[in-house]
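Lettering of chains follows the sequences in order, A, B, ..., and the numbering in each one begins at 1.
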Amino acid sequence: MTAAPPSPVSRGVVRRTIGRLLQHRLACFGLAVCALVALLAIFADVIAPYDPTTSHYEAIKAPPQADFLLGTDELGRDVLSRIIYGARVSLEVTIVSIAGAVVLGSLLGMLAGYFRGWADHLIMRVMDGMMAFPMLVLALGIVAVLGPDLINAVIAITIINVPNFARMVRAQVLYVSQLDYVLAARALGAHDAKIMARYVWPGVVGNLVVYASLRASSALITESSLAFLGLGAQPPTPSWGQMLSTAMQYWDAWWMSLFPGAAIFFSVLALNFVGDGLRDALDARLND
Amino acid sequence: MLRYFALRLAQIGPVVLVVSFMVFSMTLLLPGDPTLSMLGEGATTAQRQALRTELGLDLPLPVQYGRWVGRIVTGDFGRSLRNRQPIVDMLAERIPVTLQLTILSMLVSILIGVPAGIVAAVWRNSWADIGVTFVAMFSMAIPPFWAGMLLIMLVCIQLGWLPPSGYAAFSDAPLQSLRMMILPTLTLGAAMAGLVMRQTRASMLEVMSADYVRTARAKGAREARVILHHGLPNAFIPVLTVVGLQFGTLLGGAVITESIFSLPGLGSMVIDAIFNRDFPAVQGAILVIVTGVLLLNAIIDVVYYLVDKRIAR
C-alpha cells in the first residue's frame, strides 16, 4: 500500500478551482475586503492613529474632522482606531469559532456517517435538537449558562455551528464511503482509522472549505449581535457590535453608529461574496 | 394520510425530547453551585437551601427531569427568581408582542419580496433584475441591528415622523400599535424580503417556462393575466415554504429587533433574564420559542402534504 491514495482533491484541481475563483469578480472584491480587514486587525498597533481606549477630553463626540477622521465617541475615543482594533475581535472570533465548529462537526459527522448504527442515531438526534433552536437563541442560552464574556461568546458561536458541519460532513462521508476506492481499501483490510483519514477525509475537505466560508459571515453576525446585546466582548475591549449598542444612546452623533455598522456590513458582504465564489468555483469543478 | 402524520410525529418526538432535555439541563450546567449562580454571592445558606428545595436540586437527575417535564406540560414554568411572578404570566404578556412582530414582518417580506421577484423574473437580465438582485443581496448582508438604527436615525431623528421606541398593545390601541410596529417590522422584514425575492424570482423563472404557461399564451391570454393567473399561484408554493422555514431565523432576529425598539416581547425577556440571572425565565422563554419553531415546521409539513400528496413517499 505504498501508492498515493486516489484523492479526489489533487493539486491541479485545487489550482484550477483557485483560478476560477479569481475570475469571479465579486469574489475578488470579497477577498480584497477580507484581506484589508485582516491587515487592519494584524497591524492595528501600527495603523490605528490613536490608542482605542484613550479618551480625548477636548473632543467628546466630535464629528469627523482632520484629527479624528471618523469622529470620536461619548468618551472622546477615536472611532476609527476603535473600528481598526474592533476588526481584531471580529476576526479572531470568526476564525476561532468556525475552526472549532469545523473540527467538532467533522469529527461527529465522520463518526456518524462512517459507523452508522446507534452512534449515527445518537449524534444526529442531538444535532437535530440543536438545529431546532434559532441560532441566536441557542447562543443566548449558552451564554446565559456560561456568563457574558468574549471567550464564552466564542464557545457559544462554535457550538451553534457544529450541527451544520456535522450534517454536511456526514452526508459527504455517506457518499464517499460507498465509492469503489474506499470499498477496495476496506477489502484489503485497512483499519477504520486509516480508511477515514486517508481515503474518506480527502473527499470531504473540498465541500467543507466552501461550507466553512459560507458559515463565516453568519458567525460574524452572531458575534456582533451578542456584542450588541452586551453579551460578547466586554468594555473596554472595542468591538463593532458593542460600539453600535453604545451609539444607541447618542442619536445626535450619527458617526458613532454609521461607521461601525458599515464595517460589519462590508465584512459580511465580502465573506458572502467569497463563499458564493468558492461554491461556484467548486461547482464548476464538479461539472468538469 | 394518518400514516404520514404518525410518521412525522414519530420523527418530531426524539427532537422534542432532546430539546426539552437541553433546556432543562441549563441549570445543571451552571458552573459551581447553581444556587450561588442564581442568588449571587450574598445569599444566606437558608435562602440557598430554600431554592434547592424549590427547584428540586437534591433529587436524582431523572426524577428532576421527570418532575420538570410534568410541571411544564401542565403549564407551570416556575416563578421568576427576580420578582416571584409566575413565568407563565410573563410569557402570556410577551408572546403576543413577538407574534405580532414576526407575523407582520413576514407580511412585509412577502409584500416587498414577491413583487420584486416577479419583476426580476419577468424582465430577466434587465436593469430592473440586476438592481433588485443587488438590493436583495445587500438586504441579506446588513446586520439587523444596524438596519434598525439607520431607520431610527432617518425616520425618527431626521424626519421626526415616528417615535424611536415604545409599544402599545394591539387590543388597547390598534392604530397606535401598528404605528409603533412600522419600523421594527421593516427592520426584521427587510432581511427576509431579500430571501423571498430570490426564491420568487427562481420559481417564477421555472414556472414561466412550463407548458401550461405556453398554452395560455398560445390561447391569446394577455401577458399580465399569464403572469398573475397562471404563473404566480404555482410559483408561490415554494416561496411560502421558504417563508415558513425561516420562522426560526425570524424569531432569532426578533430578539435583536425587540431590544433595539424596546418591545416587551420574548426576545427582550430572554436578554433581561440573562442579565438578572433569572434562569427559570430564560428557560421558559427559550422553550416557548423552540416549541413555536417546531410546531410551525410541523404545520408547514402538513400543509405541504395537503397541497401535494406526492411528498408522503
Side-chain angles (χ1 to χ4, degrees), chain A residues 26 121-122 124-148 160 217-218 220-222 224-231 240-241 244-245 247-248 251-254 256-258 260-273 276, chain B residues 11-12 14-23 25-31 37 137-138 140-150 152-153 156-158 164 247-256 259-260 266-267 270-271 273-275 277 279 282-283 285-286 289-291 293-294 297:
Chain A
L26 288 177
H121 276 292
L122 184 71
M124 293 328 285
R125 287 305 79 72
V126 173
M127 297 297 125
D128 286 348
M130 289 170 74
M131 289 185 92
F133 291 82
M135 287 191 114
L136 187 61
V137 173
L138 184 57
L140 288 176
I142 296 167
V143 172
V145 171
L146 300 176
I160 63 173
S217 64
S218 121
L220 177 58
I221 289 219
T222 312
S224 37
S225 302
L226 288 176
F228 179 79
L229 296 169
L231 302 168
W240 296 341
L244 283 179
S245 80
M248 293 244 325
W251 289 114
D252 50 326
W254 53 269
M256 282 175 66
S257 35
L258 190 65
I264 302 175
F265 172 64
F266 282 110
S267 305
V268 170
L269 200 62
L271 284 171
N272 283 347
F273 286 159
D276 286 349
Chain B
Q11 281 170 342
I12 290 178
V15 177
V16 172
L17 202 72
V18 171
V19 164
S20 68
F21 188 76
M22 279 179 181
V23 176
S25 58
M26 277 182 63
T27 37
L28 302 178
L29 295 171
L30 286 176
S37 306
M137 207 154 56
F138 273 54
M140 284 187 286
I142 197 163
F145 40 93
W146 192 49
M149 291 175 73
L150 293 180
I152 292 181
M153 278 204 294
C156 310
I157 311 292
Q158 290 292 323
F247 186 64
T249 318
L250 215 50
L251 277 174
V255 175
I256 295 275
S259 86
I260 302 171
L266 285 173
V270 175
I271 307 291
I274 289 177
F275 281 114
R277 315 198 63 75
F279 288 95
V282 177
Q283 284 175 311
I286 289 185
I289 292 176
V290 183
T291 313
V293 174
L294 285 174
N297 285 352

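Annotation: the span from A:Met248 atom CE to B:Ile152 atom CD1 amounts to 5.5 Å, rounded to 0.5 Å. A:Leu258 contributes atom CG, which lies 6.5 Å from atom CG of B:Leu150 (distance to the nearest 0.5 angstrom). Rounding to the nearest 0.5 Å places CG of A:Leu140 at 8.0 Å from CD1 of B:Ile256.
In this structure, no portion of A:Met135 lies under 4.5 Å from any heavy atom of chain B. Looking at A:Ser224, the atoms closer than 4.5 Å to chain B (heavy atoms on both sides) sit in the backbone and in the side chain alike. Interface remark: B:Ile157 contributes side-chain atoms only to the contact with chain A (heavy atom separation under 4.5 Å). For A:Ile142, no part lies near chain B; criterion is any non-hydrogen pair under 4.5 Å. At a 4.5 Å heavy-atom cutoff, A:Ala139 makes no contact with chain B through either its backbone or its side chain.
Most heavy-atom pairs under 4.5 Å with chain A: of the set B:Phe279, B:Phe21, B:Phe138, this distinction falls to B:Phe138. Chain A forms more heavy-atom pairs under 4.5 Å with one residue of B:Ile271, B:Leu250, B:Val270, B:Leu294 than with any other, namely B:Ile271.
Taking all atoms of both residues into account, the shortest heavy-atom contact from B:Gly252 to A:Leu136 is O-CD2, 3.5 Å. A:Ile221 approaches B:Ala141 most closely through the heavy-atom pair CD1-O, 4.2 Å. Here the closest heavy-atom approach between residue B:Met149 and residue A:Trp251 is recorded as O-CZ3, 3.6 Å. For B:Pro143 against A:Gly261, the heavy-atom pair with the smallest separation is CG-O, 4.5 Å. Looking at every heavy atom in both residues, A:Gly129 comes nearest to B:Val18 through CA-CG1, 3.8 Å. Here the closest non-hydrogen pair linking B:Met26 and A:Gly141 is CE-O, 3.8 Å.
Using a 4.5 Å cut-off on side-chain heavy atoms (C-beta onward), A:Asp128 and B:Val19 make no contact. In this structure the side chain of A:Met131 never reaches within 4.5 angstrom of the side chain of B:Val15, judged on heavy atoms. Between B:Ser259 and A:Leu229 the shortest side-chain heavy-atom distance falls below 4.5 Å. A:Leu26 has its side chain within reach of B:Met137: a pair of non-hydrogen atoms, C-beta onward, lies under 4.5 Å apart.
Results of the side-chain contact (heavy atoms from CB on, under 4.5 Å) test with A:Phe133 over B:Val23, B:Leu251, B:Val293 single out B:Val23 as the only residue that passes.
Looking at B:Trp146, its side chain does come within 3.5 Å of a backbone N or O of A:Ser257 through a donor-acceptor pair.
Within a 6.0 Å radius of CZ in A:Phe266, other residues, nucleotides and ligands contribute 12 heavy atoms or fewer.
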Show your working on side-chain contact (heavy atoms from CB on, under 4.5 Å) between A:Val268 and B:Met140 and close with a plain yes or no.
CA-CA 9 Å; A:Val268 170; B:Met140 284 187 286; over 6 Å; no
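Between A:Phe228 and B:Phe145, the ring planes lie parallel to each other; the angle is under 30°, not in the 30° to 60° tilted range.
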